[in-house]
Amino acid sequence: RDASVEAAPAAQAQAASKPHVVVLATGGTIAGAGASALNSASYTAAKVPVDKLLAGLPEVNEIARVTGEQTFQIASESFTNQELLGLGKRVAELLKQDDVHGIVVTHGTDTLEETGFFLNLVIPSDKPVVLVGSMRPGTAISADGALNLLNAVSVAASTDARGKGALIVMNDEIHTARDVAKLINIKTGAFVSQWGPLGMVVEGKNYWFRAPVKRHTTQSEFNIEQIDALPAVEVAYSYGNVAPTVVEALGASGVKAIVHAGTGNGSVPNRIVPKLTELSEKGTLVVRSSRVPGGFVLRNAEQPDDKYDWVVAHDLNPQKARILTAVALTKTQDTKELQRIFWEY
Ligand SMILES: NC(=O)CC[C@H](N)C(=O)O
């Protein structure tokens, strides 16, 4: 954190009685800048500091007392486990403070769903944690970041967003970070939850339609305060004519788990099956997921998971399965337990 900023004095006085929302800025397009107003897709991400972002959006002070911290300034594809852990610990620390009502994390959209799911699993608080990004930089015509950020602050400042786990607010929709994925690039309606959004935020009011049923935050057995490192978990993607090279190299690198991004129902090509069974016999966990963005992977359908001692990723996409695998491995190596965790979270 290299900056801690507050709103201008007049706005501060106005906001003093309002809920305190901390904006942790990590970079991405919401902090991006392009050469001209016509550059909606060609620009540099992670440029604008949090104090400028907030100063450009004085309307947030009508909703909350907003303070900002520059946690990182990076494009989200470059997030590592180190950033995940650092961000998670800071969120947990802030939420322990009585004067903090909720957190907004501004983030690049590329791995927003991974960070959001991670926070959903490990933050031991029922206070709102809202992640937000944008698809166009603030310098572009019809930039989407300002309204997304305003909506995110509004959700984080609300009381009815409590107890719903980490949320992702984009394009007027409120999603559970568990379900949502970036399924579309370029377009502003980039984020889709296959089971539907939880609700919408319109003019500072939340309209809820459903609530998450999977375990999260305060009902989670995982707590960021007890996690100081995440094990190496990698994803191997399959397709027609896939060579075993990647799986072999991952095995040789000593990863603790491989998430297989299979075709269709999580099917595994016949050239890959013997490589994966060999690795799982030697103690590398295999998690069977699918590259198909909808539906889910059934246990013992397509492959005999019981026989191979593999785990299925349920409806989690490969990148989210990586997050849950890494978090779960901090607690157990037992494949029955790991499968239970995949059903419950
Ligand atoms: N729309 C975005 O935020 C993408 C920018 C960048 N690739 C990132 O994820 O940070």
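We count ligands from 1, going down the list as the structure has it; atoms in each ligand are counted the same way. Index from 1, following the sequence.
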Residues forming a ring-ring contact (aromatic ring centres under 6.0 Å, His included) with F296, sequence neighbours excluded: H314
V155 vs N206 side-chain heavy atoms within contact, under 4.5 Å: yes
A75 neighbourhood, listing ligand 1 atoms whose heavy-atom distance to it stays under 4.0 Å: 10 (O)
S76 backbone acceptor or donor facing D110 side chain under 3.5 Å: no
Close approach, A190 and ligand 1, non-hydrogen under 4.0 angstrom: no
Backbone or side-chain N or O of T109 under 3.5 Å from ligand 1 N or O: yes
Backbone N/O of H20 and side chain of D99: donor-acceptor pair under 3.5 Å: no
Polar contact flag, side-chain donor to acceptor under 3.5 angstrom, Q339-D305: no
Hydrophobic cluster partners of I141 (side-chain heavy atoms under 4.5 Å): L38
Heteroatom distance test (D110, ligand 1): nitrogen or oxygen, under 3.5 angstrom: yes
Nitrogen or oxygen of T111 less than 3.5 angstrom from that of ligand 1: no
Atom 10 (O) of ligand 1: nearest protein contact (heavy atom, Å): S76 N, 2.7 Å
Sub-4.0 Å atoms of ligand 1 with respect to non-hydrogen atoms of E77: 6 (C), 7 (N), 8 (C), 9 (O), 10 (O)
Nearest protein heavy atom with distance in Å, relative to atom 2 (C) of ligand 1: T29 OG1, 2.7 Å
Ligand-side contact atoms (ligand 1) for residue partner G28, heavy atom cut-off under 4.0 Å: 10 (O)
G108 backbone acceptor or donor facing T29 side chain under 3.5 Å: no
